[in-house]
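Chain identifiers are assigned alphabetically (A, B, ...) following the order of the sequence lines, protein sequences preceding nucleic acid strands; residue numbering begins at 1 within each chain. We use all heavy atoms of the structure for the numbers below, so side chains are in, but hydrogens, waters and symmetry mates are not.
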Protein chains: 2
Amino acid sequence: MNAQKTFEHTLAKHHQSHTRTRQQVFDALAHHANLSMRELTRRCSNVDRASVYRSVKLFEQLGIIVRIPHGWKYRLELGEAFHEHHHHATCDTCGASIALPEDSTLEDRLQELASRRHFRLTSHQIELHGQCQNCQNN
Amino acid sequence: MNAQKTFEHTLAKHHQSHTRTRQQVFDALAHHANLSMRELTRRCSNVDRASVYRSVKLFEQLGIIVRIPHGWKYRLELGEAFHEHHHHATCDTCGASIALPEDSTLEDRLQELASRRHFRLTSHQIELHGQCQNCQNN
DNA sequence: TGTCAATTTGCGACACATTTGCAATAGTGG
DNA sequence: CCACTATTGCAAATGTGTCGCAAATTGACA
């Protein structure tokens, strides 16, 4: 199932309308990974800011998108129904965001750590900081 | 070396003044782990809010504190020179923040993942979400 | 396809968070 | 202790996220 179908299907499953506005917000997110809220509103220039916020909140609840911690703020990207689960590294020099390969050992360790505190783990985010290959060479 | 000495030493090493304001901000952070910015400014009531922000930014650059992702926001706590490196789990039911044991396997995996993308890793943050033991029993 | 009820949107206004410029003040080195 | 520089407080600007409400859009169904 392609991204567009998955999107429409997810909305329908939760009895939410497939509107022009939501489609525009989804398109922006689908075409540009790792958008900040500011970038997203810029790319949806004919959609009111409040509506973008409302769509983002809804999409997050439906699992269509996830919030990725990024410094003091966060970025948005499509959720696991669209991408394989993965994490990101942020280059502190140029600000680039690099997607990292999936790694089940890592996920297992987290599960194990949580268990030791009798914590029932439902989700997690990892934020790496450092310097990307390009910036190391400058 | 105790926390206070480490603090003064870190400032001196970076040619930064040890001022009354910075000391107050540091004290608040040293006595209460996991403060939000709002809580921090409340605890530094005789320090101007803008100065608290300026101190926090400086402390973060010097590694005196780290920002811990916490939902859409973040919390502050003393850096690695003051505490052993660790991560937190946030209970989505009651909001509690649970410190997790250190785990070198985990850290090694992250290092490995970063290397595969030729990324030079300098720091990382992990945020776990789920339900704490107490809330599971209710 | 047209109509209607329900949902969603845009707008304006608000509340709160964070940053900035600048004059006054406090800290540092000699 | 003085003079110089860095830091602070203040006030104002900017940024982020939310809300109420009237108007527009959507989905269901005739």
* Position toward the 5' end of DNA chain C (nearest nucleotide), A:Arg49 or B:Tyr53 -> A:Arg49

* **Rounded interatomic separation in angstrom, taking CZ from B:Arg38 and P from C:dT18** => 10 Å

* When you check the gap from the basic side-chain N to the acidic O, do B:Glu112 and B:Arg116 get nearer than 4.0 Å? -> yes

* Under 6.0 Å from the CG atom of B:Asp48, do we count more than 12 heavy atoms belonging to anything else shown? -> yes

* To do: Starting at atom CG of B:Leu11, determine the distance to atom C1' of D:dA6, rounded to an integer number of angstrom.
  => 13 Å

* Asked: Base, sugar-phosphate alone, or nothing: which one does A:Arg54 contact when heavy atoms must sit under 4.0 Å apart?
  -> base

* How do B:Val52 and A:Arg20 order along DNA chain D: which one's closest nucleotide is nearer the 5' end? -> B:Val52

* Asked: Below 3.5 Å, does any donor atom in the side chain of B:Arg22 face an acceptor in the base of C:dG27, or the other way round?
  -> no

* Check the distance between C:dT8's C1' and A:Gln24's CD and give it to me in whole angstrom. => 14 Å

* Structure fact -> Residue set satisfying salt bridge (charged side-chain N to carboxylate O under 4.0 Å, His left out) with A:Glu107, at least two apart, ordered chain then number -> none

* Asked: Using a distance-only test with no angle check, is there a side-chain donor-acceptor pair under 3.5 angstrom linking B:Glu77 and B:His32?
  -> no

* Asked: Could you state the CH2-C1' distance from A:Trp72 to D:dT16, rounded to the nearest angstrom?
  -> 14 Å

Between side-chain atoms of residues 18-25 of chain A and protein atoms elsewhere (two or more places apart, or another chain), which donor-acceptor pairs fall under 3.5 Å?
unit_1  : atom_1 : unit_2  : atom_2 : d
A:His18 : NE2    : A:Gln23 : OE1    : 2.6
A:Thr19 : OG1    : A:Arg22 : N      : 3.2
A:Arg22 : NH1    : A:Ser17 : O      : 2.9
A:Gln23 : OE1    : A:Gln4  : NE2    : 2.9
A:Gln23 : NE2    : A:Gln4  : OE1    : 2.9
A:Gln23 : NE2    : A:Asp27 : OD1    : 2.9
A:Gln24 : OE1    : A:Asn46 : ND2    : 3.2

* Asked: Looking at the side chain of B:Thr19, which of C:dT28, D:dT8, D:dG17 is the nearest nucleotide?
  -> D:dT8

* Please report, rounded to the nearest Å, how far the P atom of C:dT8 is from the NE2 atom of A:His18. => 13 Å

* May I have the distance from A:Leu58 (atom CG) to D:dT18 (atom P), rounded to whole angstrom? => 13 Å

* **Rounded distance (Å) that lies between atom C1' of D:dT5 and atom CD of B:Gln16** => 12 Å

* Can you pull out how bent the helix from C:dT1-D:dA30 to C:dG30-D:dC1 is, comparing the axes over its first five and last five pairs, to 10°? => 50°

* Less than 6.0 Å separating the ring centroids of B:His88 and B:His70? -> no

* With a non-hydrogen cut-off below 4.0 angstrom, is B:Lys57 in contact with a base, only sugar-phosphate, or nothing? -> sugar-phosphate

* To do: Please figure out whether B:Met37 or A:Asp48 has its closest DNA chain C nucleotide nearer the 5' end.
  => A:Asp48

* Asked: Would you say the side chains of A:His83 and A:His85 form a donor-acceptor pair under 3.5 Å?
  -> no

* **Whole-Å distance separating the CG atom of A:Asn46 from the C1' atom of D:dA24** => 15 Å

